[in-house]
Amino acid sequence: MLPAALCVGLAAALTACAKEDPDAGTNGVGRLEAAEIERKARAAADGAVSVRLAGNLVSKSGTYRLDMRLKAQGATGSVTTRKSTFELLRVGDALYLKAGASFWRHAESSAEPGDAGGSGESGGSGASGEPTRSTGPTEADIQAADKLDGKYVKVPQDDPSYKQLRGFTEMNVLLKGVLELHGDIRKGDRDKVGKVRTIKVVGGQRGEGGTLDVSLEGTPFPLQFARGGGGGAVVLSAWNQDFPLAEPAKEDILDYGRQLPRASG
């Protein structure tokens, strides 16, 4: 038979374990109702000055893989579609696109008169000086694309692609678009994003309205968001960590000479 003192000690330990607070050592957000957790996460995001957003977004025009550093003054990073990968740099209203030769070869060969990749007029000419068309790239196209390889192209503000491409660099626009839960929200499981403990806020019964992971450590920033219905998922990190932004050197900028191709998944 166990000594009475040992029995008492075991009973106390078991009682302590049973009453252990899962939110001990956290920011306390896990104790709140789902709506309040979501509100605090949105407030934290709204008050942030910078963030890194990385992941996949699915839209009507296709799937985009983003890896962007964002702040109010601009952004830098990359966008990958099914057909291509390109880099974006925005400093204020100045927007630059940088891509490899294969991107520009595809832009040259796929352009047609009057489309977003062409000159807007029948018989218009592109960077190569050749008429726009839908056939494969000519030798002149290849040479023009090779000149643009790894160079920055400034996107004119009146170019049809400017608004779409700038949308990938707008911190507030992207955050508003990826942090929206739909349906009745509820608290989900506790989890981790990387090494940081989180609490999930779920939209709908099975997450069809999206699932948001909110940090249980420090400021309750949103750390991950999964859209419902296979709409993609993004990880949000480096909150309030500044990064340098500067326009490219003049020798690194070339003029494309016509309308830029629109990004499509």
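All heavy atoms count here, side chains included; hydrogens, waters and symmetry mates do not.
- A distance-only check finds no donor-acceptor pair linking the side chain of T169 to the backbone of G74 [under 3.5 Å].
- Taking CG of L245 as the reference point, atom OG of S50 lies at 10.0 Å (rounded to 0.5 Å).
- Side-chain atoms of K151 come within 3.5 Å of backbone N or O of E251 as a donor-acceptor pair.
- Counting only residues at least two apart or in different chains, ring-ring contact (aromatic ring centres under 6.0 Å, His included) contacts with residues 201-225 comprise F221-W239.
- Note: E180 CD to R227 CZ = 9.0 Å, rounded to the nearest 0.5 Å.
- Proximity of L53 to V178: side-chain heavy atoms (C-beta onward) are separated by under 4.5 Å at one or more points.
- Inter-residue side-chain proximity for I253 and V153 is flagged as unmet; no heavy-atom pair is nearer than 4.5 Å.
- Contact detail for A75 and L70: the closest heavy-atom pair is CB-CD2, 3.6 Å.
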Assess the residue pair V79 and L88 against the criterion (side chain to side chain contact (heavy atoms under 4.5 Å, CB included)); give the C-alpha distance rounded to whole Å, side-chain angles, the decisive distance to 0.1 Å, and a yes or no. CA-CA 8 Å; V79 179; L88 291 173; 4.0 Å; yes

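- Side-chain atoms of N56 never come within 3.5 Å of backbone atoms of V234 as a donor-acceptor pair (strictly under, hydrogens ignored).
- Partner of D242 under the salt bridge (charged side-chain N to carboxylate O under 4.0 Å, His left out) criterion, chosen from K71, R69, R52: K71.
- Separation of atoms CG (L89) and CG (L95) is listed at 8.0 Å; rounding is to 0.5 Å.
- Contact record, T85 with A99: O-CB, 4.1 Å, taken as the closest heavy-atom pair.
- Between V214 and T198 there is no side-chain heavy-atom pair separated by less than 4.5 Å.
- Hydrophobic clustering (ILVMFWY, side-chain heavy atoms < 4.5 Å, transitive): Y64 and L179 are in one cluster.
- Salt-bridge annotation for D189 and K200: absent, with no side-chain N of the basic residue lying under 4.0 Å from a carboxylate O of the acidic one.
- Look at R31 and D21 and you find a salt bridge, because one of the NZ, NE, NH1 or NH2 atoms lies within 4.0 Å of a carboxylate O, short of that distance.
- Under a 4.0 Å N-O distance rule, the pair R190/D23 qualifies as a salt bridge.
- Judged purely by atom type and a 3.5 angstrom limit, K40 has no side-chain atom pairing as donor or acceptor with the backbone of L32.
- The closest donor-acceptor contact from the side chain of E217 to the backbone of R197 lies under 3.5 Å.
- By the rule that hydrophobic residues join a cluster once side-chain heavy atoms approach within less than 4.5 Å of another member, F243 and V51 end up as members of separate clusters.
- Under the 4.5 Å side-chain heavy-atom criterion for Ile, Leu, Val, Met, Phe, Trp and Tyr, L223 and I185 are members of the same hydrophobic cluster.
- By the rule that hydrophobic residues join a cluster once side-chain heavy atoms approach within less than 4.5 Å of another member, L175 and V58 end up as members of separate clusters.
- L148 and I142 are not part of a single hydrophobic cluster, where members link through side-chain heavy atoms under 4.5 Å apart.
- With a 4.5 Å cut-off on side-chain heavy atoms, L181 and E38 count as touching.
- Note: S78 OG to M68 CE = 7.5 Å, rounded to the nearest 0.5 Å.
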Would you sort out whether D213 and D191 count as a side chain to side chain contact (heavy atoms under 4.5 Å, CB included), showing the intermediate values? CA-CA 8 Å; D213 276 85; D191 203 347; 4.0 Å; yes

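- Evaluated for a side chain to side chain donor-acceptor pair (under 3.5 Å) with Y96, the options E87, R90, E247 yield exactly one hit, E247.
- Looking only at distances, no side-chain donor or acceptor of N240 sits under 3.5 Å from a matching main-chain atom of A48.
- In terms of heavy atoms, P222 sits closest to L212 at CB-CD1, 3.6 Å.
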Stepwise side chain to side chain contact (heavy atoms under 4.5 Å, CB included) test for Y152 and L97: CA-CA 5 Å; Y152 286 96; L97 183 151; over 6 Å; no

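- A salt bridge links R166 with E170; the closest basic N to acidic carboxylate O contact falls under 4.0 Å.
- Side-chain contact between F168 and V173: absent, with no pair of heavy atoms (C-beta onward) separated by less than 4.5 Å.
- Around atom CD of E33, no more than 12 heavy atoms belonging to other residues, nucleotides or ligands sit under 6.0 Å away.
- When all heavy atoms of G100 and D149 are compared, the closest pair comes out as CA-OD1, 3.2 Å.
- In this structure, D46 places its CG atom where more than 12 heavy-atom neighbours from other residues, nucleotides or ligands lie under 6.0 Å away.
- Taking each heavy atom of P220 and A44 in turn, the nearest pair found is O-CB, 3.8 Å.
- Side-chain atoms of F86 and L165, non-hydrogen and from C-beta on, do get closer than 4.5 Å to each other.
- In this structure, the side chains of I199 and T26 stay at 4.5 Å or more apart for every pair of heavy atoms.
- Between R105 and D146 there is a salt bridge, with a side-chain nitrogen of the basic residue lying less than 4.0 Å from a carboxylate oxygen of the acidic one.
- Counting heavy atoms from C-beta outward, T81 and T63 have side chains that stay 4.5 Å or more apart.
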